[in-house]
Amino acid sequence: MQTFKKTTIAVISFVCLLALLSAAIIEPMIQFGWVYYCDGEYREKTAGEYEVLFMGDSDGMAAFNPAVYYDLTGKKAYNLSVEKNTGQYEYYMLKKEIERNPVKQVILQIGDETFTRDYAAEHADADAVAVMRMSNFFERWKYLVQNVSFDKWLDVYSRLLMRGINTWQSVIKGDKSAFFDASLLGWHRLETADCSIAQERIVGDYNSVELETEPLPERVQEFEKVIDYCKQQNVAVSVVFVPLSDAYLWKRSNMDAVIDKIKAVCDDNGVSFTDYNLYKDRYKLFTDKTTFKDTVHMSENGATVFTNLLVKIMQKQEKGEQVDKLFYSNYEQMKKDSPYMAYSNKDNLQ
Amino acid sequence: MSITALSFVVFIFALLAIYYLLPKKFQWVVLLVASICFYIYGGFTTIIYVLISAACVFAATHLLQNQANKTKAFIKEHKAELTREEKKAVKQKSKQRRRLILTLAILFNLAFLGVFKYSHFFIDQFNAVLSIFHLAPVDNTFSLIVPLGISYYTLMAIGYMADVYWGKAQAQKNFLKVLLFISFFPQITQGPISEYNQLSGELFKEHQFTYDNFSRGFQRMLWGFFKKMVIADALAPYVTWITTYYDKFTGITCIVGALFYMFQLYADFSGYMDIMCGYCEMLDIRLAENFNRPYFSKSLSELWRRWHITLGAWLRTYVYYPIAMSKWNQTLSQKCKKPLGEYASGKIAATIPLLFVWFVIGFWHDASWAYILWGFGNAFVIILSEWLSPVYGRMKTALKIRENALPYRAFQCIRTFGIFTFLEIVAAVQVLGGNGYQYVWRAFTNHTLPRTLEELFPSVEGLGGQFLLMLLLAFFGLGLMFVFSLVQRKKPVRDYFNKIPLFLRIVIMVVTVLIIVSSGVQASWGAGAFMYANF
């Protein structure tokens, strides 16, 4: 009996202390909004105010500025994008938001790897971020139980602990730059940095990276689940590909093949797809020096320019105007006008 | 089922509860069911090979025991009638029959091992011969899923059958108990390679729950997880990076890479042993130890008595001594006595079985020439030091070197570690597809000094700053390992740890869990499975 009592006390003390310390590391960053995407409570408070939802990954999170969108259209929008988003997260968040906030429009941002990405290596980060976006403790467990397999809970717990520790370090240093800012409405504001390719690398970098093109069935299924749900709720869906830097696109050799596959999936599901990388004035509007933080994430300047362009194109589309003339028909054509062409010996480019 | 997965943690604690809640006579049954579940988790087909092996062992040991008993009974019954020669003839015939049963059973088990683990190697060698005669190669692209733990349970099965043959063990009458011995899950992926008498004594007795076993076992498990996930897995990306792209790095970086590999190897393997021995301690089962501070060894032969101890013991008992004591080896030794002298003939008698043992060790580790040469490399050093021991003795006397002096012992440890590292890193780089000898050559001939810390510890492509933090934690862990190794000369670290007040112990263990989960889980993702599970 003594043995049993001693063991029970020790085990319970151990478990309680572990839970307490874990909570002390993880909960404050979520509860106090110490990370920019910990907006669960804010969204709960403001549910019902939004007419447009924007959903995507980190590219989308940086590219779409709801405040600019509101200034141009008078419609209140929220950017639900998150870094390393998964299809499960998209469905869960959109469903949750639409249920308490019936919207008219959802803009879905997809990237060149949205349909080909295998989440095996990244799921834990994606799920950790998704958990952090839930509004309360029970929501977080609900998301975990419904969307994350049991064996991956340890990975998610690990990611949450690391993020918690990193956040505490920032707080102790007095660095609040990553804190949640309600005025941004989910948009991730990034500073501008020059991501141009160094001149000596231009020729070598040209078409040096080949992307996977074949969509994974599970990614397509997740996408279709989102589209089907939006259709059931009479929500209009537009699919967009936000601008990436010229440096990024210069290196990718088979963007046309990738986009063709994405277009096919969108066509099968009856949703429009607009690739803003092919906008004919892209080299004037989206320069590597002034509108990007890095090769794939737009800076604050870039988000303003893109959101303006998005509104302009969407308004034309709503009026039934033809916008095809405003876009290149493919990446091969687009690259011929790239500023990098001027610095490279065309004969050396294959 | 991965040992570092949450499902495994839940599995073992659920098993622990059921094990102690059920009546004691069913405890071994619970372990058997758990072992079968562990196998089936990896796929139903994996259990089939274990069942076949266990069935073969059960049948063989029964036949061996029956044959021995029959012979004894016959001789006893006809004691008065039989002459001495007749009794000898009966015993000889019985021995031949038993040897045949044992040989067939061993070959049957080895055949499975040969097919699953070595078929690609044998076909490659066959194709190499065919290519000499410009003949078309045999297809070697088929894939076979190697049954979990086959390298380990095959050795245990052979050892058990040999023990019954020699009369050291009694044949187990219960097939399920034989199955448990073969398939006991804590030892299936990386050992220890247990002797039947030792393990059966532990498995089939009744076990009482004690707080002491529970807490000490848990502490050891935690330390094992820390070694594997915080130390070994944090070093793994750097080791792979440096050993794959060694031609880009300075000599000193290559040396650092080799050292990291040795620490990774030890932390990984001994970490697993700590996890499993710790868990078995919670079950009141004592598994054989596999490590005894090997990097403090003063010679390579001593190191191999302290590294993977159970493999060495198995080979000594079931390979070395049978060959050494065999008639042909003894005959050869006798024949060499006259021309070469007593010293040389004695050494030859010891050298031949040693060469065979090291061939087996190398081949058992990996089906590749890299590891066969690794085995012979170890053999060469050990045999050379045996042959030259009188010379070393005279040199030490001439130089007035005291054996027990600390500087000399330190020199011996560093020398042994250096030789072991050389042999290990050559094989490791070869297996990765590189040239191990070029790696070592570069380590010692490239004298470019790294100008920055970044050049000394190069960033691994794709890994962020977080891995630098994990590396720092790994260094801290290595420091702890070193300190614990020194402390353990006198008594186990846990004895000191358990003198600390309970609350403080719980705090330390909780913080350890948090470090393992936050740093180790992510490091493990990149590092993969336990290294010795690949053998």
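In what follows, chains are A, B, ... by sequence order, proteins preceding strands, each numbered from 1.
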Can you tell which part of [X] gets under 4.5 Å to a heavy atom of chain A, answering side chain, backbone, both or neither?
X      : answer
B:V513 : side chain
B:F209 : both
B:T210 : backbone
B:V9   : neither

- Query: Measuring heavy-atom distances to chain B, does A:I9 have an atom under 4.5 Å in its side chain, in its backbone, in both, or in neither?
  - Reply: neither
- Item | Which atoms of A:V15 approach chain B - backbone, side chain, both or neither, heavy atom under 4.5 Å | neither
Charged N to carboxylate O below 4.0 Å: is that the case for [X] and [Y]?
X      : Y      : value
B:E281 : B:R494 : yes
A:R163 : A:D125 : yes
A:D205 : A:R201 : yes

- Query: Does the A:T114 side chain pair with the main chain of A:G111, one donor and one acceptor, at a distance under 3.5 Å?
  - Reply: yes
Taking atom types as modelled, is there a side-chain donor on [X] or [Y] under 3.5 Å from an acceptor on the other?
X      : Y      : answer
B:Y279 : B:R220 : no
B:K228 : B:T4   : no
A:Y36  : A:S177 : no

- Note on the structure: Under a 4.5 Å heavy-atom criterion, the part of residues 21-33 of chain A in contact with chain B comprises A:L21, A:S22, A:I25
